[in-house]
Amino acid sequence: MQDYPYTFGISEGIPTHYDNHITRTLSVMAGQFADQGAYDAALAEGDELLYEVYELKRPEVAGELLHGISIVHPGLVGDEYFMTKGHFHAELETAEVYYCLAGEGMMVMETPEGDWAVEELRPGRVLYVPPRWAHRSVNTSRNQDLVTFFVYPGDAGHDYGTIEAQGFRKLVLQKDGRPQILDNPHWRAPAER
Ligand code: F6R
Ligand code: ZN
């Protein structure tokens, strides 16, 4: 890490400079894919790589901006596209910006109150995720990586537990070869929890 202005390039989705390379495989997604049988069968075949994150290290304090590249690989578990775990920011009142560099996908989002939104990600499009909105990237391409640049406040932190417990309200499944947004049958409204 350096406290001096810097630039970096992005070559085939990979930053020319980074500090952390995080990989997430099928096994970290237990309980998240709707079709449990398909998930178990896929895992029996091998713990496949679903997504990767390249981070540039910055102090995790207000005033800093954490940034990097997220790459979700193409694939399906049953009819459900490969996706990230998804999270709320631990500091709920913190936003995030995503800039799509390559591929095609969707960002599935929701608030603690149960409002939801799904926005398409396409190269050249910018997505603003406001404070309070949990977010999950879904790769809806059958053969291309979904590559996004992200930036968010240094003190945001991550709450993965809430989504691990309740899932997202909306699922993105492939139906007739195309992505469709469907209700998650396991999701419970806040009042029912
Ligand atoms: C950071 C952020 C992204 C994600 C990345 C992987 O706040 O939203 O950098 O961390 O897309 O997804 P998760 O963190 O949900 O595994
Ligand atoms: Zn985030």
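Ligands are counted one by one from 1 in listed order, and the atoms in each one are counted from 1 as well. Bear in mind that the values here come from a model prediction, so they are computed numbers and not experimental data. The first residue of the sequence shown is numbered 1, and numbering continues consecutively from there.
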Crowded around E12 CD? As in, over 12 foreign heavy atoms under 6.0 Å? no
What about the rings of Y152 and H158, do their centers lie closer together than 6.0 Å? yes
Please determine whether a side-chain nitrogen of the Lys or Arg among R58 and D3 lies less than 4.0 Å from a carboxylate oxygen of the Asp or Glu. yes
Set of residues that line ligand 1, where lining means a heavy atom lies under 4.0 Å from it: Y51, V53, S70, T84, K85, G86, H87, H89, E96, Y98, H135, F150, Y152, H158, Y160
Hey, are R132 and E93 close enough for a salt bridge, meaning a charged N less than 4.0 Å from a carboxylate O? yes
Under 3.5 Å, sequence neighbours excluded: what are the donor-acceptor pairs made by side chains of residues 67-79?
unit_1	atom_1	unit_2	atom_2	d
H67	ND1	L65	O	3.0
H67	NE2	Y6	OH	2.7
H73	ND1	D145	OD1	2.7
H73	NE2	E52	OE2	2.6

Side chains of E96 and W133, donor plus acceptor under 3.5 Å: no
Considering only NZ, NE, NH1 and NH2 on the basic side and carboxylate oxygens on the acidic side, decide whether R169 and E110 come within less than 4.0 Å. no
Applying side chain to side chain contact (heavy atoms under 4.5 Å, CB included), run through I22 and E55 and close with a yes or a no. CA-CA 8 Å; I22 299 157; E55 289 180 336; 3.6 Å; yes
What protein N/O/S atoms sit under 2.8 Å from the Zn ion (ligand 2), by chain and number? H87 NE2, H89 NE2, E96 OE1, H135 NE2
For H21, what residues pass the ring-ring contact (aromatic ring centres under 6.0 Å, His included) criterion, not counting sequence neighbours? Y54
